[in-house]
Amino acid sequence: MMTFFHVHPEPPLHAKSTTLHALMLASLTMSMSAHAAPVASSGRTIFQNNCASCHTVDSKMTPLAGPGLFGVVDRKAAAVPGFNYSAALTKAGAAGTTWSRAELDVFLLDPAKRVPGTTMPVGLPDKNTRSALIAYLATLQGPATQAATPAKAAAPDEGGADRANAWDQHQPGQLHHVKLADLPPPFATPSAGNGPRVQARPNGSIPLVMPGFEVSVFARDDDKPRLPLRAPNGDIFLSATSAGSIKVLRSKDGVKAASAEVFATGLERPYGMAFWPSGANPQYLYVAGVNSVVRIPYRNGDLKARGKVETVVPELSDTSGGHTTRTLAFSKDGKSMLLSIGSATNVATDIGPKPPQPLAQWERAHGVGGAWGVETDRATVMAFDPDGNNRRTYATGLRNCVGMLVYPATGDVMCNVNERDGLGDNLPPDYVTRVKQGGFYGWPWYYLGENEDPRQKGVRPDLKGKTIAPDVLLQAHSAPLGMAVYHAPKGARNAFAPEYEGDLFVALHGSWNRGVRTGYKVVRVFMKNGAPTGQYQDFMTGMVLNDRDVWGRPSGVEVAQDGALLVVDDAGGVVWRVAPKR
């Protein structure tokens, strides 16, 4: 999720919310004449499609993940009453900033340069895009913003249902089984603006892990990478999304990274990675960016790219705002490249009731339940040949499949999905599921099977009965990101106990819009005979300090060559290593 005009705890790529990052991309295709004043209506469209899930423009509304933007032009920085700002704007060079048009233009061009340490590090290089957005925001003038204080979390000693399964109850070993029958109705609780404030890790603090395991620091990285990927020789590749680079960690003893190299740079928000072909001798490293897929020549053991970056898929969709995390995986036979593309908005309320073509014709081209407008080919898993050709829709209705993999034993495609916001603290759950080719998973019209979203009531009655209910429900707003199958490499000296073999590890990045914080942990999803059982278990916790502050946010997981589990924390810039005690 994007933070706008301040440093706020939610990293810019959070999969659960519409982001502002990709406003910079030319694929937004605005028509703005040079002689016209920046068109506020174009700016409003930009805002609605890319910012509205995180920011309000109504002075009476509670701030969401980011502060309310009503009256932001000529407002002092960090001035929204009650918003949970982090410390960056109080530092030298940021304190006292007034967001004039000129200052906003400077900030949006290069946020990290203007406010070092901001969690909005990606700027908007296109002048017209910045101007249109600022022009729209400038129309939202009036008295000083008096936004309501975000929902206050119940104190730990208050008890009651409000704190059911809250962060302070999460402990390694705790089991969870969220069931459809237990879910509340929509709007049972109001939506909250409860983003975390990321603090420095207290001296000596380490995450809590399951009994019988120990945790240590494998590596630190100030670029705060997002996802890890193990190469055949054991090197760990990291996508440093904000820096636009891919890095490689190499360890001599498996306990700590001995070196860190930049494998490739100059990439456009790299996120998902995959080697192809699979096995001991891949020829390429594929990298998914915000709106393209590239591949880089690779031979096992390379620390630097041995050749030029080759664009395989030049454009993923006509729009690239909203969710920007793209995940890659190859089918078991290596013949299909699978790519997840998250939605552009929260629940597609502005796309209209009908596609631009007759419905049957549209769905032949875009899949059953394929949305249109800014959501064309979004909220999907797409498939391509490895050379980028033969594009086809694999599955639809997956709001934001951030973690995606192919389960080795069965070849099943699996996703963890960040579900929609605005229906309450406990609805709808995020989930992990096997993804069927041609399947429709509900978004934006339905959730978790045949539950109709009230904001889309009556729009697509034809889809009732066609939606697939997911396999494992995760606590709502947990924000699952990276996911890995536990499989100990041959000869691994730090292999987990045999009962872990084949289970999934999922990094839960943590909530920003739940009244009581949840997530900020790594969980184990139980599998049996290649199918999820519906249960999951807390494996790593302890990164939340209190109802306001956190010091870590797991974003990715990978199994190391020696069998240890590596966990990337993109808030603290740490790669943790979890191994059995010896």
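What's counted below: heavy atoms across the whole structure, side chains too, no hydrogens, waters or symmetry copies.
- For the pair D547 and R197, the salt-bridge criterion is not met [side-chain N within less than 4.0 Å of a carboxylate O].
- One N or O on the side chain of W362 and one on the backbone of G370 form a donor-acceptor pair closer than 3.5 Å.
- Within the 4.5 Å cutoff, the side chain of L473 has heavy atoms near those of the L448 side chain.
- Nearest heavy-atom pair across A166 and V516 is CB-CG1, 3.1 Å.
- In this structure, OG in S478 is found 7.0 Å from NE2 in H170, a value given to the nearest 0.5 Å.
- Each of Y536, F526, F539 was compared with F505 under the ring pair (Phe, Tyr, Trp, His ring centres under 6.0 Å) criterion, and only F539 meets it.
- Inter-residue side-chain proximity for S511 and Q475 is flagged as unmet; no heavy-atom pair is nearer than 4.5 Å.
- Between L423 and P454, the closest side-chain pair of non-hydrogen atoms falls below 4.5 Å.
- With a 4.5 Å cut-off on side-chain heavy atoms, L463 and V368 count as touching.
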### Message
Working note: L227 + V568, criterion side chain to side chain contact (heavy atoms under 4.5 Å, CB included); need CA distance, chi angles, decisive distance, verdict.
### Response
CA-CA 7 Å; L227 286 186; V568 178; over 6 Å; no

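- Using a 3.5 Å distance cut-off with no hydrogens or angles, the side chains of H487 and E501 do pair a donor with an acceptor.
- Of the possible donor and acceptor atoms, one in the side chain of T189 sits under 3.5 Å from a partner among the backbone N and O of D425.
- In this structure, L359 and D462 have side chains that are in contact, with non-hydrogen atoms separated by less than 4.5 Å.
- Put simply, CZ on R517 and CG on N194 are 4.5 Å apart, with the number rounded to the nearest 0.5 Å.
- Distance check, rounded to the nearest 0.5 Å: CG of N291 to OG1 of T319 gives 8.0 Å.
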### Message
Applying side chain to side chain contact (heavy atoms under 4.5 Å, CB included) to L504 and V432, what does each step give before you reach the verdict?
### Response
CA-CA 10 Å; L504 305 177; V432 176; 3.9 Å; yes

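- Inspection of the H323 and S343 side chains reveals an N or O donor paired with an N or O acceptor under 3.5 Å.
- Taking the ring axis of Y500 as reference, the NZ or CZ atom of R524 stays within 45° of it and closer than 6.0 Å to the ring centre.
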### Task
Go through I351 and T376 one step at a time and tell me if the side chain to side chain contact (heavy atoms under 4.5 Å, CB included) criterion holds.
CA-CA 10 Å; I351 65 171; T376 300; over 6 Å; no

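- Checking side-chain atoms of D503 against main-chain N and O of M527 turns up a donor-acceptor pair under 3.5 Å.
- The main-chain N or O of D471 is found under 3.5 Å from a side-chain atom of T433 such that the two form a donor-acceptor pair.
- Minimum interatomic distance between N426 and L183 (heavy atoms only, all atoms of both residues): O-CD2, 4.3 Å.
- From T541, atom OG1 reaches atom CG of D168 across 11.0 Å, with rounding to the nearest 0.5 Å.
- Within the model, atoms OG of S42 and CG of L133 stand 11.0 Å from one another, a figure rounded to the nearest 0.5 Å.
- When each of I341, T325, D430 is paired with N400, the side-chain contact (heavy atoms from CB on, under 4.5 Å) condition holds for T325 and for no other.
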#### Entry: Steps toward side chain to side chain contact (heavy atoms under 4.5 Å, CB included) verdict (R226, D570)
CA-CA 6 Å; R226 306 301 307 279; D570 71 351; 2.5 Å; yes

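- With contacts defined as side-chain heavy-atom distances shorter than 4.5 Å, the pair Y486/V557 does not qualify.
- The closest side-chain heavy-atom distance from M414 to R434 is below 4.5 Å.
- N418 places a side-chain heavy atom less than 4.5 Å from the side chain of P480.
- Heavy atoms from other residues, nucleotides or ligands lying under 6.0 Å from CG of D333 number more than 12.
- Using cut-offs of 30° and 60° for the angle between ring planes, the W445 and F440 rings count as tilted.
- Interatomic distance, T393 OG1 to D377 CG, rounded to the nearest 0.5 Å: 5.5 Å.
- For an aromatic pair to be called close, the ring centres must be under 6.0 Å apart, and Y431 with Y441 fails this.
- Contact check on E450 versus K464 returns a salt bridge, with a Lys/Arg side-chain nitrogen under 4.0 Å from an Asp/Glu carboxylate oxygen.
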